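Have a look at the structure below before the remarks.
Computed from a predicted model, the values in this text were never measured in an experiment. So that the names make sense, note that chain A is the first sequence line, chain B the second, and so on, each numbered from 1.
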Protein chains: 2
Amino acid sequence: MAIGRPSPSSSQTPDPGAARRTSRARGIPEATVARLPLYLRALTALSERSVPTVSSEELAAAAGVNSAKLRKDFSYLGSYGTRGVGYDVEYLVYQISRELGLTQDWPVVIVGIGNLGHALANYGGFASRGFRVAALLDADPNVVGSTAAGLPVRHMDELEDIVVSQHVSIGVITTPPGAAQLVCDRLVEAGVTSILNFAPTVLTVPDGVDVRKVDLSIELQILAFHEQRKAGDEPAGDSVLDRAPGPVRAAAAKLRRAAGGGKSAEPAKNAPAAQGPEDDLSAVMPA
Amino acid sequence: MAIGRPSPSSSQTPDPGAARRTSRARGIPEATVARLPLYLRALTALSERSVPTVSSEELAAAAGVNSAKLRKDFSYLGSYGTRGVGYDVEYLVYQISRELGLTQDWPVVIVGIGNLGHALANYGGFASRGFRVAALLDADPNVVGSTAAGLPVRHMDELEDIVVSQHVSIGVITTPPGAAQLVCDRLVEAGVTSILNFAPTVLTVPDGVDVRKVDLSIELQILAFHEQRKAGDEPAGDSVLDRAPGPVRAAAAKLRRAAGGGKSAEPAKNAPAAQGPEDDLSAVMPA
DNA sequence: ATGCGTTTGTGAACGTGTGCACAAAGATGG
DNA sequence: CCATCTTTGTGCACACGTTCACAAACGCAT
């Protein structure tokens, strides 16, 4: 029945439930929360151009969303607009920043300084909006000495000390998939309660810990799906069987299983999907 | 009424509608499509361990989802399971691969070879599952000569030629935000119909073009929101006013606007959110 | 003051997604 | 061939998210 770890819930990004409970507590829907940063970015741009007020229609266009949706989103934060005029840009910037918790300082650790970790350390979006890279960590002794984005790469052994002493509550994982769960466990154990996971692995965490994942491969696969649809390329296969009624399917399934490990029938001819081994280790960090 | 560009729809990742139309055409819900790569990864791992069959319960645990959800997802693809036994791993790998369009070759161009573009070029997840980096492009002459991941970085001018001659239909944008829309337009013009955007900008594209975005800053902000909630740190502010009835709010709003550009009242004291200028240019690629 | 044009805030309808719970279907052992 | 056990496939109810449409609210000009 229970597979893998028993009690901890393996919540991931698109999972309602855990995250929902948190935000619905005082009413802001998760979908709205996910859009607030988008609005904030558009508002910041307006603020820099010294635009005093903006209508929901304009702001919605800038953020690429429906204007009614935007108004409803803002209504969850309170009523910060003026009918007939629009929204006060500066005030809204402040309100959203406050709601997102950006008026405080968020120290962040990045674990796994490969290509991606290195890129993230240099990423401007980290420095802005109250996020501060507290430390870069890696297990590889060859990397530990070096610096990235002006910061020294420190050894994994210092993880617990850093998290505790610097009050780090957000961790970013850019390790190879094999190491991700271990790193995650150590982060959580040390006190981190929010994790941004770039490794292509499902992380299992205790309740109360949020995990969001960013998976480049998944994004590409979703695009490929739609791309295939656009090309009118209905996947052929044995689609006649797929919806066949009753015992027909059963017989087919039995045959498939009987064919054994030798990738029988259709799959054998052209299936680059199941490519080389170690799909798990070659990703995210080559080294 | 119409703001910015008129006809092209600025579809983005979390937008139903455009993407929905495509996938609902023959019935697979978007939410299901987004989970298929997850199942595929878990199945590939099982396949490498030569596990012949797997139950929905086991696979669901490995993918971090509800087992009923998984079964329903698979039911959209057809009935590939056997009651009392489970699913044939190899066969399911093939079916999902086929449905996602991974049985064919997908040449991809990466535009903007800064830190992130460099990291993506080396990313193992690209090479796998039928995706192939067709070319790396950049506008900076200093970068154009170099190589990344064994591939030469070519100049933007070659974009159109490459897309056309290599039949590239998927483009990845890792440029600074300021250049993203221009690059996007050129990609689309050349024939690209799917774009993965890492630049923190809302891209506007014509109908029929899919855009998915990955924004690290947004992910962090969402985590910060939940983190703040966990800390029981109800944002204080003038929450009394927020839900005040009638004319009270109006007067307050009037005051805010009258205060002018000088970030009055609350915002002034501590608002690191509206930090240094050029939030738009320092992100994604420092160079 | 009054009326007019504009824009917010939200009620209501609809579509999508999720999860429970269970009947039907198949495997397996006697 | 029958009984039993396992697991799929799905009907159903509910929660969530989106969009329309419109009344109420506000500024402004007269």
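Interface remark: the K72(A) side chain does not form any donor-acceptor pair with the dG9(C) base, using a distance-only criterion of under 3.5 Å.
Side-chain nitrogen and oxygen atoms of T82(B) include none within less than 4.0 Å of the OP1 or OP2 phosphate oxygen of dG26(C). OP1 or OP2 of dT18(C) has at least one side-chain nitrogen or oxygen of R35(B) nearer than 4.0 Å. The side chain of N66(A) places an N or O atom within less than 4.0 Å of a non-bridging phosphate oxygen (OP1 or OP2) of dC20(D). Regarding contacts with the backbone of dG9(C), a side-chain N or O of Y87(A) is found under 4.0 angstrom from either OP1 or OP2. A close approach under 4.0 Å does occur between a side-chain nitrogen or oxygen of S56(B) and OP1 or OP2 of dT8(D).
Nearest-nucleotide assignment on DNA chain D puts the 5′-proximal partner with T32(A), out of T32(A) and G84(A).
Here the side chain of E219(B) pairs no donor or acceptor atom with the backbone of L196(A) at under 3.5 angstrom.
The shortest side-chain heavy-atom distance between I170(B) and V192(B) does not fall under the 4.5 Å cut-off. You'll find the side chain of K72(A) stays beyond 4.5 Å of the side chain of T32(A), heavy atoms only.
Taking atom CG on L70(A) and atom C1' on dT7(C), their separation rounds to 13 Å, with Å as the unit. Remark: C1' of dG15(C) and NZ of K69(A) are 13 Å apart, rounded to the nearest angstrom. R83(B) places its CZ atom 7 Å from the P atom of dG26(C), with the value rounded to the nearest Å.
No engagement by F74(B) is indicated, since no non-hydrogen atom pair under 4.0 Å with the nucleic acid exists.
Just one residue in the list V205(B), I173(B), T204(B) forms a side chain to side chain contact (heavy atoms under 4.5 Å, CB included) with Q181(B), and that residue is T204(B).
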